Amino acid sequence: VEVGDHHGRPGELDDGGACFTVLGRPASWRTEAAGVGTSLRWTYAWDEPDENVGTWTFEPAQAGRYRVEVHTPAPWGGSQAARYRVRHAG
């Protein structure tokens with residue numbers, strides 16, 4: 001799923017798109033028939049913050065302010081230990 005049309009209009013990033021990568025132990029990643037596009041990838045929240053990581057990388061068409069939201073449907077979004085980090089180049 002793409003981020004809108006990459007021209008600043010609303011859109012979604014999904015774990016099935018080309019801009020998503022996973023790091024960590026492959027055996028720790030799970031796929032469920034849920035979420036956007038009926039596919040949801042998840043892993044456990046580990047003690048080591050970089051143990052398993054999902055990363056979305058994209059470049060908006062223009063500089064600006066963007067709202068970033070995360071949605072993980074139940075029961076997979078119940079961790080109190082998961083961390084989210086948003087970085088930018090500007």
Side-chain angles (χ1 to χ4, degrees):
V1 176
E2 295 183 10
V3 180
D5 60 6
H6 297 283
H7 294 286
R9 290 185 268 268
E12 296 177 326
L13 288 174
D14 183 52
D15 59 1
C19 60
F20 180 71
T21 56
V22 297
L23 299 172
R25 296 180 284 176
S28 297
W29 284 93
R30 310 285 190 264
T31 302
E32 305 290 341
V36 174
T38 65
S39 176
L40 177 142
R41 306 257 336 248
W42 68 275
T43 187
Y44 298 101
W46 302 96
D47 291 335
E48 296 296 322
D50 295 330
E51 183 93 20
N52 282 5
V53 177
T55 302
W56 288 265
T57 304
F58 69 99
E59 294 184 28
Q62 60 187 17
R65 295 176 62 122
Y66 293 86
R67 182 172 68 192
V68 177
E69 299 176 339
V70 174
H71 172 72
T72 305
W76 302 284
S79 174
Q80 299 295 312
R83 296 181 186 176
Y84 295 90
R85 182 180 347 177
V86 177
R87 290 192 245 176
H88 60 87

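All figures in this text were calculated on a predicted structure; none of them were measured in a lab.
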Taken in chain and number order and not counting sequence neighbours, the residues that satisfy ring-ring contact (aromatic ring centres under 6.0 Å, His included) with W56 are F20

Result block: side-chain N/O donor-acceptor pairs under 3.5 angstrom for residues 30-37, not counting sequence neighbours:
from : atom 1 : to  : atom 2 : distance (Å)
R30  : NH1    : A27 : O      : 2.5
E32  : OE2    : W42 : NE1    : 3.1

What residues, two or more places apart in sequence or in another chain, satisfy side chain to side chain contact (heavy atoms under 4.5 Å, CB included) together with V70? T72, Y84

Can you tell me which residue pairs pass the ring-ring contact (aromatic ring centres under 6.0 Å, His included) test with a partner in residues 21-40, sequence neighbours excluded? none

According to the salt bridge (Lys or Arg N to Asp or Glu O under 4.0 Å) rule, which pairs have a member within residues 68-82, sequence neighbours left out? R67-E69

Side chain of N52, backbone of T43: donor and acceptor closer than 3.5 Å? no

Least distance between heavy atoms, V86 atom then V68 atom: CG2-CG1, 4.3 Å

Mind checking what makes side chain to side chain contact (heavy atoms under 4.5 Å, CB included) contact with T55, not counting sequence neighbours? T21, V53, T57

